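What you see is a predicted model; the values in this text were computed from it and never measured. FYI, side chains are in, hydrogens and waters are out, and symmetry mates aren't considered; it's all heavy atoms of this structure.
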Amino acid sequence: EGNNRVWGSALLGVSYGFMRQQSETLGLGDPPFEIPKFRFVEMALAIEQGKTNKEARVFLLEEEIRPEVEGPFKKYINNDSAKLFLFFNDEDNHRAEFLAFTQHVQYFKTKKCVFVSDYQGELGGGKTLLTDPQIVTKRELGPVFTSGNIPEAFENFEKEHECNKFCEFFRVP
């Protein structure tokens with residue numbers, strides 16, 4: 001899980017970097033829509049002290065997420081498909097489209113090797129905390145990530161991804 005979080009954060013950063021680069025290189029100016037500011041919750045490993053390496057336990061610690069502050073849990077994209085969940089709320093649909101755009105950028109920037117999936121988290125009141133990403137890769141890379149890496153989702157990406165206003169504005173190939 002920690003490996004997925006590190007990769008998820010890095011790939012999300014690639015998406016934001018791509019937007020900056022495209023805006024500067026192509027002189028796009030400000031988009032006519034808001035860019036959500038997502039981040040994955042912070043995490044750390046804690047290793048029990050005072051025991052031998054074989055006896056010491058390791059714990060994954062995560063930033064506390066309080067639904068009363070951060071908002072309700074939302075799932076925008078599952079790990080078995082690039083199709084977004086549709087919402088009755090325009091703000092949630094906007095966020096889902098942005099996350100689909102980040103997948104497109106990641107797929108392009110990694111030369112069709114990898115993208116983040118299973119986008120979910122506590123997303124309300126302006127907060128955009130994501131948690132528990134899955135990293136989806138092509139089958140040839142083998143079991144690099146956890147069992148949430150579903151090769152069929154990767155293989156179907158180009159068929160299932162629907163470009164949206166973000167992909168078009170930032171001109172993702």
### Query
Could you walk me through whether Ile47 and Gln49 pass the side chain to side chain contact (heavy atoms under 4.5 Å, CB included) check?
CA-CA 6 Å; Ile47 301 171; Gln49 298 296 303; 4.3 Å; yes
### Task
Walk me through it: do Arg5 and Glu42 pass the test salt bridge (charged side-chain N to carboxylate O under 4.0 Å, His left out)?
CA-CA 9 Å; Arg5 187 82 48 80; Glu42 298 293 330; over 6 Å; no
### Message
side chain to side chain contact (heavy atoms under 4.5 Å, CB included), that's the test. Do Leu11 and Thr110 meet it? Break it down for me.
### Response
CA-CA 9 Å; Leu11 288 165; Thr110 64; 3.9 Å; yes
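- Closest approach of His104 to Cys167, counting heavy atoms only: ND1-SG, 3.4 Å.
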#### Entry: Chi angles and distances behind the side chain to side chain contact (heavy atoms under 4.5 Å, CB included) call for Phe40, Thr131
CA-CA 6 Å; Phe40 285 97; Thr131 186; 5.8 Å; no
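- Residues Phe73 and Leu86 do not share a hydrophobic cluster, defined by chaining ILVMFWY side chains whose heavy atoms lie under 4.5 Å apart.
- Between His161 and Ala100 the shortest heavy-atom distance is CE1-O, 3.4 Å.
- Less than 6.0 angstrom separates the ring centroid of Phe169 from the ring centroid of Phe33.
- If you look at Tyr107 and Phe154, their ring centroids are closer than 6.0 Å.
- Residues Phe101 and Met19 form a side-chain contact, since some pair of their non-hydrogen atoms from C-beta on lies under 4.5 Å apart.
- A distance of 8.0 Å separates CZ of Arg95 from CG of Asn89, quoted to the nearest 0.5 Å.
- Between Phe18 and Phe108, the ring planes lie perpendicular to each other; the angle is over 60°, past the 30° to 60° tilted range.
- Rounded to the nearest 0.5 angstrom, Ile135 CD1 and Asn3 CG are separated by 8.0 Å.
- Once rounded to the nearest 0.5 Å, the distance linking CG of Leu129 with NZ of Lys74 reads 13.0 Å.
- The backbone N or O of Lys75 sits nowhere less than 3.5 Å from a side-chain atom of Gln120 that would complete a donor-acceptor pair.
- Between Leu84 atom CG and Asn164 atom CG the span is 7.5 Å, to the nearest 0.5 Å.
- The two residues Leu99 and Leu130 come nearest to each other via the heavy atoms CD2-CD1, 4.3 Å.
- In this pair, Phe166 and His94 present their aromatic rings tilted. The plane angle is within the 30 to 60° band.
- No more than 12 heavy atoms of other residues, nucleotides or ligands lie within 6.0 Å of CG in Asp30, so this atom counts as exposed by the packing criterion.
- Between Gln106 atom CD and Ser15 atom OG the span is 4.0 Å, to the nearest 0.5 Å.
- Gly29 and Ser23 make their closest contact through O-OG, 4.2 Å (heavy atoms, listed as atom of the first residue, atom of the second, distance).
- Looking at Glu63 and Arg39, a side-chain N of the basic residue comes within less than 4.0 Å of a carboxylate O on the acidic one, giving a salt bridge.
- A salt bridge does not link Arg20 to Glu24: none of the charged side-chain nitrogens sits closer than 4.0 Å to a carboxylate oxygen.
- Tyr16 and Thr102 form no side-chain donor-acceptor contact under 3.5 Å, judged by distance and modelled atom types alone.
- Under the side-chain contact (heavy atoms from CB on, under 4.5 Å) rule, Ser117 has a single partner from Ile77, Asp80, Asn78, which is Ile77.
- Within the 3.5 Å criterion, the main-chain N or O of Ala82 finds a donor-acceptor partner in the side chain of Glu160.
- Checked against the 6.0 Å centroid criterion, the rings of Phe85 and Tyr76 do not qualify as a close aromatic pair.
- In this structure the side chain of Arg171 reaches within 4.5 angstrom of the side chain of Leu28, judged on heavy atoms.
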### Query
Stepwise, does the side chain to side chain contact (heavy atoms under 4.5 Å, CB included) test hold for Gln103 with Val116?
CA-CA 6 Å; Gln103 289 182 318; Val116 177; 5.6 Å; no
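- Listed for the Asp92 side chain is no donor-acceptor partner under 3.5 Å among the backbone atoms of Phe87.
- Under the 4.0 Å criterion applied to side-chain N and carboxylate O atoms, Glu158 and Lys112 are assigned as salt-bridge partners.
- Not counting sequence neighbours, the partners of Glu155 by the salt bridge (charged side-chain N to carboxylate O under 4.0 Å, His left out) test are Arg139.
- Leu45 and Phe59 are assigned to two separate hydrophobic clusters, defined by single-linkage of ILVMFWY side chains at heavy-atom distances under 4.5 Å.
- Linking Ile, Leu, Val, Met, Phe, Trp and Tyr whenever their side-chain heavy atoms come within less than 4.5 Å puts Val58 and Val6 in one cluster.
- The aromatic rings of Phe157 and Phe115 lie tilted to each other, with the angle between the two planes from 30° to 60°.
- Ser81 approaches Ala153 most closely through the heavy-atom pair N-CB, 3.9 Å.
- We find the CH2-OG1 distance between Trp7 and Thr137 to be 9.5 Å, quoted to the nearest 0.5 Å.
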